[in-house]
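What follows is a short report on a single structure.
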Amino acid sequence: MKEADYIIVGLGIAGITFCEQLERYGHSFVVFDTAEGSATAIAGGTINPVMLKRFTPVWKATEFFSEALSFYQNLSNKLNVPMVDVMPIHRILNNVLEQNNWLLASDTKKLSPFISSEIFTDENPSVVMPFGYGSVLQSFKLNLEKMLKAYRRYLLKKNCLISEKFDHTKLVVGKNEFQYENFKAKQLVFAEGAAAMHNPYFSIDSLIPKKGEYIIFKAPQLRLKCILKGAFFIIPMGNDLYKAGATFAHGDTSYTVTRKGKDQLIAAVKKMISCPFEVVDQFIGMRPTVKDRRPLLGRISESKPVFFNGLGTRGLLMAPLLAKQLYDYTENSIPLSEEIDINRYV
Ligand SMILES: Cc1cc2nc3c(=O)[nH]c(=O)nc-3n(C[C@H](O)[C@H](O)[C@H](O)COP(=O)(O)OP(=O)(O)OC[C@H]3O[C@@H](n4cnc5c(N)ncnc54)[C@H](O)[C@@H]3O)c2cc1C
């Protein structure tokens, strides 16, 4: 029997940020992850503290953003893999009303640190923006493929990653420990993203997975150096490739790409850029969203496993700080705030 302080199920951003807390304080752990259906693997990777639809700050923008920036920079250094790309987001303004609203928002205390107080015009002839753009001053982009690959490699080297499906029916929950096959641990953390829907211990119905589709297109003439936000994001990936998305498909929980999603994205890209482009790929991800758009952390009532879920549409931004709060909860018995405690749904 192998013993560890923690068993973690899931190695998306929730799993990674929690593992980092455990390492920091010297705990042993083993992670089960198949990487199947990972939202983290296909996310846009933008760390953006501003809601660009209505020009409002995201919930706890300042706290989440500063923790996220230092977390990803430290992880980059630790793994010796550059994964943080500081890149502005240019929000295309659609009319005079949006120009006025942007300027008004930039004058508020909450948003002035994050958005430009000026409206700019783009020199790039391939970008369509007759009313100019506003710039998000603090934002960055993560190379998620590099991050996930490097982190898996790191855990494999430490001998604490098992690339297998965790079968909940084989879990034995004891009084003071969890037993799973030949592993024994004091704590168990489920960080399964949208797959928690199939976890029999996840006995609440507030998780509503929201499917998102992206297309990847090639556009040699575009030469974009920033993230562009119109109806969707256009995110540079290097080698003349761009990611455009992501859609919100309400009520569709299938893991398959759709013609509708592709058409919607192509139509939006055509409005944002004027140069030719060719779609080379399309994929989907499932956002683990919650009814009240807040994370789901902690134990359900008196049951034993801990959940780190409900990261929704901005999990990459929020996970680093939430992992700290979850660690304080599991190790130091510091209560979670009511707005993120999973028990608000019990
Ligand atoms: C299309 C799209 C775009 C997004 N863009 C952004 C963005 O730009 N910025 C941002 O901040 N957020 C973004 N998000 C949100 C963000 O990606 C998610 O909130 C976050 O990745 C969720 O992380 P997670 O670790 O909870 O889940 P996941 O990343 O889904 O990880 C769960 C892991 O658990 C594994 N797993 C589950 N069950 C089992 C089991 N039984 N056995 C073994 N392994 C298991 C899965 O294989 C997976 O690897 C986006 C999401 C989507 C879908």
Side-chain angles (χ1 to χ4, degrees), residues 7-19 30-50 52 58-59 61 64-65 68 71-72 87 89 139-144 147-148 151-152 161-171 180 188-202 207 209-215 227 229 232-233 235 243-249 253 255 257 261 265 282-290 293-297 305 307-323 326:
I7 293 173
I8 316 269
V9 182
L11 194 65
I13 198 57
I16 291 175
T17 50
F18 198 74
C19 287
V30 61
V31 182
F32 288 83
D33 183 77
T34 56
E36 257 170 52
S38 161
T40 306
I42 80 108
T46 53
I47 304 295
N48 164 29
V50 186
L52 289 171
V58 306
W59 177 59
F64 283 134
F65 186 83
F71 174 84
Y72 292 113
M87 194 177 263
I89 300 173
S139 57
F140 60 95
K141 179 172 84 82
L142 289 170
N143 188 323
L144 297 167
M147 179 182 83
L148 288 168
Y151 207 75
R152 290 185 83 82
L161 173 63
I162 297 171
S163 302
E164 282 173 19
K165 191 174 169 67
F166 184 90
D167 180 353
H168 304 94
T169 62
K170 292 185 184 162
L171 176 66
Y180 182 76
L188 170 68
V189 176
F190 285 121
E192 302 162 300
M197 304 278 285
H198 310 295
N199 180 338
Y201 293 90
F202 191 78
L207 192 66
K210 289 246 165 68
K211 179 173 170 174
E213 295 192 57
Y214 273 113
I215 52 169
I227 298 166
K229 171 74 171 87
F232 294 101
F233 283 96
I235 304 165
K243 204 184 238 188
T247 59
F248 266 88
T253 49
Y255 276 80
V257 297
L265 291 168
Q282 181 182 4
F283 50 86
I284 74 115
M286 212 56 84
R287 305 170 180 95
T289 48
V290 184
R293 300 194 186 126
R294 296 287 178 264
L296 296 169
L297 267 59
F307 290 94
F308 187 178
N309 211 308
L311 294 183
T313 58
R314 291 176 194 266
L316 302 167
L317 172 69
M318 298 190 303
L321 182 59
L322 293 173
L326 190 64

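Quick caveat: nothing in here was measured; it's all calculated off a predicted structure. Atoms within a ligand are numbered from 1 in the order they appear, just like the ligands themselves.
- With hydrogens and angles ignored, the 3.5 Å screen pairs no side-chain donor or acceptor of S139 with any backbone N or O of P49.
- For the pair Y214 (side chain) and G44 (backbone), a donor-acceptor distance under 3.5 Å is present.
- The A195 neighbourhood of ligand 1 comprises atoms 37 (C), 38 (N), with distances under 4.0 Å to a heavy atom of that residue.
- With K243 contributing its side chain and A43 its backbone, the two residues share a donor-acceptor pair below 3.5 Å.
- By the 3.5 Å distance cut-off applied to N or O atoms, I13 is counted among the residues near ligand 1.
- Note: Y180 and F166 have parallel aromatic rings, judged against thresholds of 30 and 60 degrees for the angle between ring planes.
- Closest heavy-atom approach to atom 48 (C) of ligand 1 within the set D33, I16, V31: this belongs to D33.
- Heavy-atom contacts of G193 reach the following atoms of ligand 1: 26 (O), 27 (O), 32 (C) (cutoff under 4.0 Å).
- Scanning I8, T40, V9 for the heavy atom closest to atom 29 (O) of ligand 1 points to T40.
- T34 contributes a side-chain N or O that, together with a main-chain N or O of E36, makes up a donor-acceptor pair within less than 3.5 Å.
- Heavy atoms of Y214 found under 4.0 angstrom from ligand 1 belong exclusively to the side chain.
- Considering every non-hydrogen atom in both A319 and L311, the closest pair reads CB-CD1, 4.1 Å.
- Note on ligand 1: E164 sits in its first shell, one or more heavy atoms being nearer than 4.0 Å.
- Ranked by closest heavy atom to atom 17 (O) of ligand 1, the top entry among S163, A43, G15 is A43.
- Polar contact with ligand 1: absent for I47 (N/O pair, distance under 3.5 Å).
- At least one heavy atom of T313 sits less than 4.0 Å from an atom of ligand 1.
- Backbone and side-chain nitrogen or oxygen atoms of L316 are examined, and one is located within less than 3.5 angstrom of a nitrogen or oxygen of ligand 1.
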